[in-house]
Number of protein chains: 2
Amino acid sequence: MYSIGDLSRRTGVKIPTIRYYEQMGLIEAPERSEGNQRRYEKRELERLAFIRHARDLGLSIEAIRDLLALSEHPERPCGEADRIATEHLAAVREKIARLRKLEVELERIVACHGDHTIGDCYVIRALADHSMCESEH
Amino acid sequence: MYSIGDLSRRTGVKIPTIRYYEQMGLIEAPERSEGNQRRYEKRELERLAFIRHARDLGLSIEAIRDLLALSEHPERPCGEADRIATEHLAAVREKIARLRKLEVELERIVACHGDHTIGDCYVIRALADHSMCESEH
DNA sequence: CCTCATATCTATAGTCGCTGGAGTGTTTAG
DNA sequence: CTAAACACTCCAGCGACTATAGATATGAGG
Ligand SMILES: [Zn+2]
Ligand SMILES: [Zn+2]
Ligand SMILES: [Zn+2]
Ligand SMILES: [Zn+2]
């Protein structure tokens, strides 16, 4: 039997976040002590660790909810789980691509260094005028 | 004299967003028509284009507020503007680095494809156990 | 058993940067 | 003059937490 604090310490998930996950339906409402405090079993510790890891990998709450539901049925085919992970990977790649474009533009923009005034500042001028950029973003 | 709709069309910033920027102090409250509708000058069109471009480059509202304030003083040195841009570039690079790590892990995780069940699914097992990962994230 | 520090409870509001809707009033072209 | 298009304010919602406030519970030492 773990208290919410035990769970928090063991998984690194903050206490309000655990309660939030309960509200969001990722964790079932656990049993309560006589004084109405949450008491967890090992199952829920593992479930929370799963959630934590999936969040660290950037999966959305919704995706995690689906994955948890799938994991309750070990005999079913896993196409759906693979699809969720594959789609997430694609989303991560898109984000990287977008950020790389920003990186390129920002590098050009901050390349102006030295002693000068706001009036001459390339940063300010570049922000005022997208046509100075080399790509869309 | 532009209406809020003109401004929106010319900058690509949605009308509620323009009002939001006014609330956030990025744009001064403009003059109003007799019927209480916003009426903008060219100055504000340029200011909004600046904001839009800075947002497209990922700068925060707060950073943009500072940059706009700086741009009112063309005679001052531009160290602060350069600093804001440089810090933002660093933040973008950090995000990219983080996402690249996720990309690597996710690639490994989704590499399991084929005919199998949830019980054997590498996606599910990898999410349940961070020690199967090659890096921290 | 009592006290007290610590832990936990609920409910609510705030974060960021918008976005959308309801319900009402204004402007403009025909 | 009418009707369409436009704009107004206020408020709620997104996602994934995080942080308060004020009340109650738990557990260890005396
Ligand atoms: Zn400069
Ligand atoms: Zn640009
Ligand atoms: Zn699989
Ligand atoms: Zn991992």
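Letters A, B, ... are given to chains in the order of the sequence lines, protein chains preceding strands, and every chain is numbered from 1. What you see below is based on every heavy atom in this structure, not just the backbone, and it leaves out hydrogens, waters and symmetry mates.
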Within less than 4.0 Å of OP1 or OP2 of [N], is there a side-chain N or O belonging to [X]?
| X | N | value |
| --- | --- | --- |
| T17(A) | dA16(D) | no |
| R32(A) | dT26(D) | no |
| S3(A) | dA7(C) | no |
| R38(B) | dT27(C) | no |
| S33(B) | dA7(D) | no |
| Y21(B) | dG17(C) | no |

Nearest to side-chain heavy atoms of [X], which nucleotide of [options]:
| X | options | result |
| --- | --- | --- |
| I4(B) | dA7(D), dT10(C), dC17(D) | dA7(D) |
| K14(A) | dT9(D), dA19(D), dC18(C) | dA19(D) |
| I61(B) | dC9(C), dG17(C), dA19(D) | dG17(C) |

With DNA chain C as reference, determine whether R39(A) or R19(B) sits nearer its 5' end, using the nearest nucleotide of each.
R39(A)
Could R108(B) and E103(B) be called an ion pair, given the rule that one side-chain N must be under 4.0 Å from one carboxylate O?
no
May I ask you to decide whether R10(B) forms a salt bridge with D6(B), counting only side-chain N to carboxylate O separations under 4.0 Å?
no
Of I51(B), I64(B), D66(B), which is the lone residue that meets side chain to side chain contact (heavy atoms under 4.5 Å, CB included) with L59(B)?
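That would be I64(B).
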Once you measure the plane-to-plane angle for H137(B) and H53(A), does it fall in the parallel (<30°), tilted (30-60°) or perpendicular (>60°) bin?
tilted
